[in-house]
Q: 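Have a look at this one before I ask anything.
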Amino acid sequence: MAAFIGGAAAIGSYKFLENNNDGLSIAESQNVLFASNPVKISSAGTADFVQAASAVSPAVVHIKTTYGGQTTSRGGTPFDMMEEFFGGGGRRAQRMPRAASGSGVILTTDGYIVTNNHVVENAEKIEVVLSDRRKVAAKVVGRDPNTDLALIKVEEKNLPIVKMGNSDDVQVGEWVLAVGFPLDLQTTVTAGIVSAKSRSIGILGRDGQEPTEEEYEEYQRTGKAPTRTNSSIESFIQTDAAINRGNSGGALVNANGELVGINAAIASQTGMNEGYGFAIPVNLAKKVLEDFRKYGEVRRGFIGVTFEPLDADSKEKYKVSENSGLYVNSVMENSGASAAGIKKGDIIKKVEGKEIFDSPDLQERIGRLSPGDKVQLTILREGNLKNFNVTLKSNESATKLKPTLASNEKSTGATISALGATFEPVTAAQKAKYGLKNGVVITSVVPGKAFDNYSIPKGLIVTSVNGKPVNNVKDVEAALPSSKNGLISISAIGPDGTFGFSFPVN
């Protein structure tokens, strides 16, 4: 009798909590579920991922998207760039309805599914194939190009879910599994290790927005690029678990079957796995997904500074003794940083007591916070460390800095304006990554101009124009008059390899 009463009480409590969790976050609702239904997965002893794979696979879904016939100039991710360059014979083309696919991870029993923004962006129809082969329609709850995350919803109940883990606890060298639907195959599980953390690979836009006509006219007059506060967050978990096209939005889980990342990209010259895959940390995703559920968009707090990571080269550039931390280039008016007393020339050494070495170390931490939240930054100023408490503000509440081009040179020719693109010099990290001696990054592309018409996306690195090496916008402008037969020739490099373009510009 005692056992019967105890069991009935436990079941009743679980059902009560299950039916009254509307006010809970995704993570909290998962804690309620797994408290009543603990998952016992062991990774002790010899590496064995049978239990983890069995627990996770039913909750990883196949996402199929349909796009209507439309003129498009998208590009810039390792998954779609090849199609954009060669799918239309060099020109933008009117396309027939097309389909694509990716993966997703079920997070709640009532149908909230996380995936990548680039999996569902601009899709006219989203269809989810569940583990029991049922096909159900899904709608987008929210998506964010700056983190490449999206939340979609299907109207189903009692779905299997993947337990969210703690990506901060992930260690380099730790075993992980990638689960998804690569190459339109059925559920596929691959294993590997975490080979690095806090990786930035330059695939997300600097601001997720194209310049306005007013901003572009200003660029034509002054050569100052219409940049904004960098809102993109790249702090990927790098793994050698095999990830291919179609794995986007799938699960990266630890040996205990806990979700630690959302698979997002590969570094490849061929478009197929070559040993490096990248996943968005789940701790960053938790905040973004909750914003989607509450507001339908991400509400992100900003410090209000521009900065550059310090290394041996930038140390000499700024004439400082430090070779680690973030050098503050400028502080936005009316920003949290300005109110806290942070100044140009300060070096950010720690965030909430954790040492900072590169941009992702700071960006991911701040990306988990909202406007109004406070964060402690440890600043090195004149040889002394001092803590500053910064209240984050929304991007709109601060006065944006006047846009500047890294080269600080002016463009006066009409020919460069016809290209419809803005440029800035490549960083030392990009030079090292691609083995370059020179180059400029395409930071934006204006609709209706030459680069847009010939499907040349932002994010590419232009190494030469008309056979002449370029290092800044002045070099680009100087090289344009040397075109032959009215054609401009451009050499560029991106995640999918090296490309050449020749086209006329009126």
Q: To the nearest 0.5 Å, what is the distance between CZ on Arg299 and NZ on Lys287?
A: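 Reported value, rounded in 0.5 Å steps: 9.5 Å.
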Q: Could you walk me through whether Phe181 and Thr187 pass the side chain to side chain contact (heavy atoms under 4.5 Å, CB included) test, one step at a time?
A: CA-CA 5 Å; Phe181 291 79; Thr187 309; 3.3 Å; yes
Q: Between Val253 and Glu258, is there a side-chain heavy-atom distance shorter than 4.5 Å?
A: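 No. Closest side-chain heavy atoms not under 4.5 Å.
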Q: Would Ile106 and Ile113 count as a side chain to side chain contact (heavy atoms under 4.5 Å, CB included) here? Give the steps.
A: CA-CA 4 Å; Ile106 306 176; Ile113 300 171; 4.0 Å; yes
Q: Please confirm whether the backbone N or O of Gly246 pairs with a side-chain atom of Ser103, one donor and one acceptor, at under 3.5 Å?
A: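 Here the side-chain-to-backbone pair exists.
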Q: Run the side chain to side chain contact (heavy atoms under 4.5 Å, CB included) test on Val189 and Ser57 for me, step by step, so that the C-alpha distance in whole Å, both residues' side-chain angles and the decisive distance to 0.1 Å come before the verdict.
A: CA-CA 8 Å; Val189 179; Ser57 295; 3.7 Å; yes
Q: Parallel, tilted or perpendicular, judged at 30° and 60°: which one describes the rings of Phe423 and Phe451?
A: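 Perpendicular.
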Q: Between Asp144 (side chain) and Glu297 (backbone), is there a donor-acceptor pair under 3.5 Å?
A: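 Pair absent, no side-chain N/O of Asp144 close to backbone of Glu297.
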Q: Does Asn254 reach the side chain of Asp169, with side-chain heavy atoms less than 4.5 Å apart?
A: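 Result no, sub-4.5 Å side-chain heavy-atom pair not found.
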Q: Just jot down the side-chain contact (heavy atoms from CB on, under 4.5 Å) partners of Ser359, sequence neighbours excluded, or say none.
A: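 Partners of Ser359 under the side-chain contact (heavy atoms from CB on, under 4.5 Å) test: Phe307, Pro309, Leu326, Gln363.
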Q: Can you check whether Ala251's main-chain N or O pairs, donor with acceptor, with Asn263's side chain at less than 3.5 Å?
A: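 Yes, the answer is positive, given that a donor and an acceptor are paired below the 3.5 Å cut-off.
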Q: With a 4.0 Å cut-off, would you call Asp168 and Arg368 a salt bridge?
A: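 Answer for the salt bridge query: yes.
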Q: So, do Thr66 and Glu124 sit near enough that their side-chain heavy atoms are less than 4.5 Å apart?
A: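 Counting from C-beta outward, Thr66 and Glu124 never come under 4.5 Å.
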Q: Are Leu107 and Leu259 side-chain neighbours, meaning at least one heavy-atom pair lies under 4.5 Å?
A: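 In short, these two side chains touch, coming nearer than 4.5 Å.
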Q: Is the backbone N or O of Asn471 less than 3.5 Å from a side-chain atom of Asn438, with the two atoms forming a donor-acceptor pair by type?
A: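 Such a contact is absent between Asn438 side chain and Asn471 backbone.
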Q: Please enumerate all residues that pass side-chain hydrogen bond (donor to acceptor under 3.5 Å, both in side chains) together with Ser54, with sequence neighbours excluded.
A: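 side-chain hydrogen bond (donor to acceptor under 3.5 Å, both in side chains) list for Ser54, sorted by chain: empty.
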Q: Does Arg199 make a cation-pi contact with Phe278, if we ask for NZ or CZ under 6.0 Å from the ring centre and within 45° of the axis?
A: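 No, Arg199 does not sit over the ring of Phe278.
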Q: Could I get the full list of side-chain contact (heavy atoms from CB on, under 4.5 Å) partners for Arg133, not counting sequence neighbours?
A: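 In terms of side-chain contact (heavy atoms from CB on, under 4.5 Å), with neighbours along the sequence ignored, Arg133 is linked to Gln186.
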Q: Are any of the side-chain heavy atoms of Ile26 and Lys286 separated by less than 4.5 Å?
A: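 Ile26 does not reach Lys286 side chain to side chain.
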Q: Less than 4.0 angstrom from a charged side-chain N to a carboxylate O is my criterion; do Asp361 and Arg365 meet it?
A: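 Looking at Arg365 together with Asp361, the answer is no, because their closest N to O distance does not fall below 4.0 Å.
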Q: Would you call Ile201 and Lys433 a side-chain contact if the rule is heavy atoms closer than 4.5 Å?
A: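 Of all side-chain heavy-atom pairs linking Lys433 with Ile201, at least one is under 4.5 Å.
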Q: Write down the atom of Ala52, the atom of Ala255, and the distance for their closest heavy-atom approach.
A: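 That closest heavy-atom pairing would be CB-O, 3.6 Å.
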Q: When rounded to the nearest 0.5 angstrom, what distance separates NZ in Lys64 from NZ in Lys135?
A: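 So the NZ of Lys64 and the NZ of Lys135 are separated by 4.5 Å.
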Q: Is it true that Lys197 and Ser235 share a donor-acceptor pair across their side chains at a distance under 3.5 Å?
A: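 Side-chain D/A pair, Ser235 to Lys197: absent.
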Q: Would you name the heavy atoms of Leu149 and Ile280 that are closest together and state the gap between them?
A: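 What the structure gives for the nearest pair is CD2-CD1, 3.7 Å.
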Q: Side-chain contact test, heavy atoms from C-beta onward, threshold under 4.5 Å: evaluate it for Ile233 versus Asn146 and give yes or no.
A: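 The answer is no; the side chains never approach within 4.5 Å.
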Q: Can Gln238 and Ser195 be counted as having a side-chain donor-acceptor contact under 3.5 angstrom?
A: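 Yes, a side-chain donor-acceptor pair sits under 3.5 Å.
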Q: What's the separation between atom OG in Ser101 and atom CG in Leu183, rounded to the nearest 0.5 Å?
A: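 It comes to 9.0 Å.
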Q: Counting only N and O atoms by type, is there a donor-acceptor contact under 3.5 Å from the side chain of Asn117 to the main-chain atoms of Thr147?
A: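 No, Asn117 side chain to Thr147 backbone: no donor-acceptor pair under 3.5 Å.
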Q: Once rounded to the nearest 0.5 Å, what's the spacing between atom CD of Glu234 and atom CG of Asp148?
A: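 So the gap between those two atoms works out to 9.0 Å.
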Q: Go through the steps for Val288 and Arg300 under the test side chain to side chain contact (heavy atoms under 4.5 Å, CB included), then give the verdict.
A: CA-CA 9 Å; Val288 174; Arg300 185 167 294 124; 4.3 Å; yes
Q: Checking the side chain of Lys349 only, and the main-chain atoms of Ser324 only, is there a donor and an acceptor separated by less than 3.5 Å?
A: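 Checked: pair present.
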Q: Taking Ile193's backbone N and O only, do any of them form a donor-acceptor pair with Thr239's side chain (distance below 3.5 Å, no angle check)?
A: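 Side chain of Thr239 to backbone of Ile193, a donor-acceptor pair under 3.5 Å: yes, one is there.
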Q: Report yes or no: does Gln30 contribute a side-chain atom to a donor-acceptor pair with the main-chain N or O of Val162 at less than 3.5 Å?
A: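 Looks like yes, one N/O pair under 3.5 Å.
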Q: Looking only at the side chains, is there a donor atom on one of Thr443 and Thr422 sitting less than 3.5 Å from an acceptor on the other?
A: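 Yes, because at least one side-chain N or O of Thr443 sits under 3.5 Å from a partner of the opposite role on Thr422.
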Q: Which heavy atom of Ala138 sits nearest to which heavy atom of Ile152, and what is that distance?
A: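 Heavy atoms only, the tightest pair is CB-CD1, 4.0 Å.
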Q: Work out which heavy atom in Ser200 is nearest to a heavy atom in Pro360; give both atom names and the distance.
A: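 Looks like CB-CG, 3.7 Å.
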Q: Examine distances only and state if a side-chain atom of Glu322 and a backbone atom of Leu310 form a donor-acceptor pair shorter than 3.5 Å.
A: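 A pair under 3.5 Å: no.
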Q: Could you measure the distance from the CG atom of Leu362 to the CD1 atom of Ile356? Nearest 0.5 Å is fine.
A: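 Interatomic distance, Leu362 CG to Ile356 CD1, rounded to 0.5 Å: 4.5 Å.
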Q: Could you pull out the closest heavy-atom pair between His118 and Tyr67, with the gap in Å?
A: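 Here His118 and Tyr67 meet closest at O-OH, 4.4 Å.
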Q: More than 12 non-hydrogen atoms from neighbouring residues, nucleotides or ligands closer than 6.0 Å to NZ on Lys315, yes or no?
A: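 Atom NZ in Lys315 is packed in, count exceeds 12.
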Q: Between the side chain of Thr115 and the main-chain N/O of Ala150, is any donor-acceptor distance below 3.5 Å?
A: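 Pair absent, no side-chain N/O of Thr115 close to backbone of Ala150.
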Q: Please tell me if the side chains of Val136 and Glu155 come closer than 4.5 Å, counting only heavy atoms from C-beta onward.
A: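 No - every pair of side-chain heavy atoms lies 4.5 Å or more apart.
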Q: Return the OG to CD distance between Ser370 and Glu290, rounded to the nearest 0.5 Å.
A: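 The CD atom of Glu290 is 10.5 Å from OG of Ser370, to the nearest 0.5 Å.
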Q: Looking at Val375 and Glu352, what are the two nearest heavy atoms and their distance?
A: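 That closest heavy-atom pairing would be CA-OE2, 3.2 Å.
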